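Note that the coordinates shown come from a computational prediction; the quantities given were computed from them, not determined experimentally. Note: hydrogens, waters and symmetry copies are ignored here, and every other heavy atom, side chains too, is used. Chain letters run A, B, ... following the sequence lines, proteins first, then strands; residues in each count from 1.
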Amino acid sequence: MNRTLRIVLATLIGIAPSHVPVKAEEVMIAVAANFIDASREIAPLFEQATGHRTRISYGSTGKLYSQIEHGAPFELFLAADTQRPIKAEEEGLAVPGSRFVYAKGRLVLWSVKPGLFNNAERFLKEGAFDHLALANPKTAPYGLAAHQVMNRLGVLDGLTPKLVRGESIAQTFQFVATGNAEAGFVALAQIKEWAGEAGTLWEIPPHYYAPIDQAAVLLKKGEANPAAIAYLAFLRSDTAREVIERYGYGVE
Amino acid sequence: MTFDWQPVWLTLKLAGTTTLLLLILGTPIAWWLARTHAWYKQALSAVVALPLVLPPTVLGFYLLIMLAPDGPVGRLTQSLGIGTLPFTFEGLVFASMLYSLPFVVQPLQNAFEALGPRPAEVAATLRASPWDRFMTVVIPLARPGFLTASVLAFAHTVGEFGVVLMIGGNIPGETRVLSVAIYDYVETLEYDQAHLLAAGMLAFSFLVLMTLYLVNGRISRSHQP
């Protein structure tokens, strides 16, 4: 055996395990795409506070739910609605009684072009643009809320040929941020993290769409994992709530 | 259950348009690659083959940046008065042509190389013009290459997913092709529709490939002495 290999083996066998604290566990979390930035900020705070580690997967709420239904190894589900966590409970995929609303989402109409509109409602009614982005209403709660806003304003039918659907709110944001769509319905939280031009923003009045109550739930796979239970508790802590509010969400 | 045929027609239209345009574009490239001894031949071959090895996301990412209103290609298309390409059928054709280019160029190049310069030279001694030589001698002799190229380009475009997902925007009748529709149905747990389309794709792909092998087998047998 050559020397390098021996050193590598010795490292793997002898040293690596001693780096892992005895009680630290890892939790696998499925996080709705609108909460990407906030969850990235919360993760190190959680890891510092508890010593546990996180592994996070992102996607639209609908896509994550379908993965969970098919045995994905997620232990926590941070959805962008309440409906799918409830469904997970009903289907026996989640632990009953563990569900709570960790954030109330805010929908905005946004464009990277500064001064694209003064009156957003008139902008939507006139429809003088080629593409308007939203998340797929079937899988993404923010897309559903966008539908409700357009319905309320009576512009949905007229704008339908111009709608481009992102498969999650993250792709929708990217369509707008690259300028490929002139404007789009995205989450306020995404704007908070955006480092580019401020562009044009309309914070849509909350009564224009059904509340986006984002619920978290403990999945059956995480029932026995102390890290999963600790994360849910941490999500309700003042530290986490401060981060969540800073991203423009409401908290209960 | 009502079956939505729109993604099927749209996909066939996209694959058909792409294949036709690629044959027009790919033939001269393949001919040149088969004949040239230029020092940059290998570099060009590598560029043509790139879509074979790149993840579709690389292509999708660069297309989004380049085709955007303030991207280099986006500026050009706007100044030509055709607007921007993402989220349009034309944009998908453009992306598909890049994506399927090696599937046309490589079989054609192989066919041209296998042919060698001899048939065209013989035709030249009979005073056939270069264009005449190419159309009446080279193309008929390279028929298996053209068949393979057409079938592969068509089938590969039908099977395209990643690039379309990134620059398509999932617009019914415009960019919502089969693969995206299936993805959508699976995500929304509409498995009946997903099964129909997916099984259809499976059968279609098998039939296409089997036909190709059968026909090419027959042609090469008929050419054996």
Atom [atom1] of [X] and atom [atom2] of [Y]: how far apart are they, to the nearest 0.5 Å?
X: Lys113(A); Y: Asp70(B); atom1: NZ; atom2: CG; answer: 9.5 Å
X: Ile167(B); Y: Thr178(A); atom1: CD1; atom2: OG1; answer: 11.5 Å
X: Asn170(B); Y: Glu167(A); atom1: CG; atom2: CD; answer: 9.5 Å

Is it the side chain or the backbone of [X] that comes within 4.5 Å of chain B heavy atoms, both, or neither?
X: Ala133(A); result: neither
X: Asn136(A); result: side chain
X: Gln67(A); result: neither

State whether the number of non-hydrogen atoms from other residues, nucleotides or ligands found under 6.0 Å of [X] atom [atom1] is greater than 12.
X: Phe161(B); atom1: CZ; answer: yes
X: Asn119(A); atom1: CG; answer: yes
X: Arg35(B); atom1: CZ; answer: yes

Atom group of [X] that falls short of 4.5 Å from chain A, counting heavy atoms:
X: Phe61(B); answer: neither
X: Leu165(B); answer: both
X: Val186(B); answer: backbone

Hey, what's the ring geometry for Tyr191(B) with His70(A), parallel, tilted or perpendicular (30° and 60° as the breaks)?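 Tyr191(B) and His70(A): tilted rings.
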Of all of Gly59(A), Gly62(A), Gly166(A), Ser66(A), which one pairs up most often with chain B through heavy atoms under 4.5 Å apart?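 The answer is Ser66(A).
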Mind listing the closest non-hydrogen atom pair of [X] and [Y] along with its distance?
X: Leu163(A); Y: Ile171(B); result: O-CG1, 3.5 Å
X: Ser60(A); Y: Glu187(B); result: OG-OE1, 4.3 Å
X: Met166(B); Y: Gln171(A); result: CA-NE2, 3.7 Å

Is there a donor in the side chain of Tyr183(B) and an acceptor in the side chain of Lys63(A), or the other way round, less than 3.5 Å apart?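 Short answer, yes.
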Is the shortest heavy-atom distance from the side chain of Leu64(B) to the side chain of Gln174(A) under 4.5 Å?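 Yes, side chains in contact.
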